[in-house]
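Single-structure report; data block below.
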Amino acid sequence: MAIFKYSMAEVAANLKSVCDKISYAVTKRTSEYQYYEPRLVAISKLQSTVSIVSAYEAGQRNFGENYINELVEKAFSPLILEKCKQIRWHFIGHLQRNKINKVLSIPNLYIIETVDSDRLANALNNSWPKFRKRNDSKLNVMIQVNTSQEKEKNGCDIAQVSTLVKHVLENCSNLNFMGLMTIGMYGYDIKDGPNPDFICLIKCREKIHDELGIDVKDIELSMGMSSDYEHAIELGSTNVRVGSAIFGARPQKNNQKDII
Ligand SMILES: *Cc1c(COP(=O)(O)O)cnc(C)c1O
């Protein structure tokens with residue numbers, strides 16, 4: 001099957017358009033959310049390393065992947081190692097504890113956005129010292145929340161978020177808690193009002209503030225994808241995860257071998 005790929009120039013143009021829309025969305029936020037510039041994470045799952053280099057050379061630094069084997073293959077690929085020395089990898093997929101060493105071993109791992117249980121947090125906390133390059137460096141993590149409460153979605157229960165954050169802060173000295181992440185329900189139409197998953201994540205942050213006394217400015221919100229990143233930013237997202245709007249439609253997972 002022929003797989004349509006964007007050229008370098010097209011990826012660069014898409015990236016610029018997304019960055020422009022982000023800047024515009026920022027101006028529409030209420031003043032309480034004007035204090036930061038959201039981070040754009042280019043989600044490159046099932047896309048080629050050549051596409052990643054195209055975006056990197058156009059200035060993009062944060063990239064996200066959600067399959068462990070694919071992330072490992074890309075992060076160690078000679079092309080990425082040579083051309084993308086400052087890349088920051090975000091792991092955004094479901095992490096099984098028996099795969100932790102694999103993901104922690106990659107060069108330029110920036111954050112695990114999908115910690116959803118104290119057992120996973122403990123396992124990351126225990127393993128990180130074997131992999132970190134500097135003695136004092138902590139592993140950045142976000143807590144994934146199942147805001148849509150769908151059985152097939154990962155993430156901790158809404159009611160458990162504060163307890164899990166408290167656990168990370170008190171018992172996981174090798175982890176740096178950065179914020180909350182949600183995927184949410186697919187296909188929500190914002191004509192019906194603000195996305196309830198985003199509102200839910202904002203409420204979780206307020207609860208953490210109330211119960212643990214952490215300044216809300218120190219709790220990031222990772223929410224928003226290609227279809228709704230501008231909306232998410234208006235509501236206060238600090239980290240949007242955008243794939244197809246930059247790289248085009250993804251090939252099927254079973255065609256992955258053809259593209260790397
Ligand atoms: C694939 C994926 C994205 C990006 O999706 P697009 O709709 O292509 O922007 C964002 N977040 C997660 C967790 C994903 O798996």
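The residues of the chain are indexed from 1 along the displayed sequence. Order of appearance sets the numbers: ligands from 1, and atoms from 1 within every ligand.
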among protein heavy atoms, the one nearest atom 11 (N) of ligand 1 is R241 NE, 2.9 Å

Considering only heavy atoms of [X], which atoms of ligand 1 have at least one such atom less than 4.0 Å away?
X	value
N66	15 (O)
V242	9 (O)
G243	4 (C), 6 (P), 8 (O), 9 (O)

Taking the side chain as every heavy atom from C-beta outward, state whether V11 and I246 have any atom pair closer than 4.5 Å. yes

Heavy atom to [atom], shortest distance: which of [options] holds it?
atom	options	result
atom 9 (O) of ligand 1	S226, S44, A42, A245	S226
atom 14 (C) of ligand 1	H90, R250, K45, M225	K45
atom 12 (C) of ligand 1	I183, I92, V240	I92

Think K85 forms a cation-pi with Y56, using NZ or CZ under 6.0 Å from the six-ring centre and within 45 degrees of its axis? no

Can a donor-acceptor pair be found between the side chains of S51 and S48 at a distance below 3.5 Å? yes

In terms of heavy-atom contacts, does CG of D136 have more than 12 from other residues, nucleotides or ligands at under 6.0 Å? yes

Is the closest basic N to carboxylate O distance between R39 and E220 below 4.0 Å? yes

Do you know the tightest heavy-atom contact between F76 and L81? O-CD1, 3.5 Å

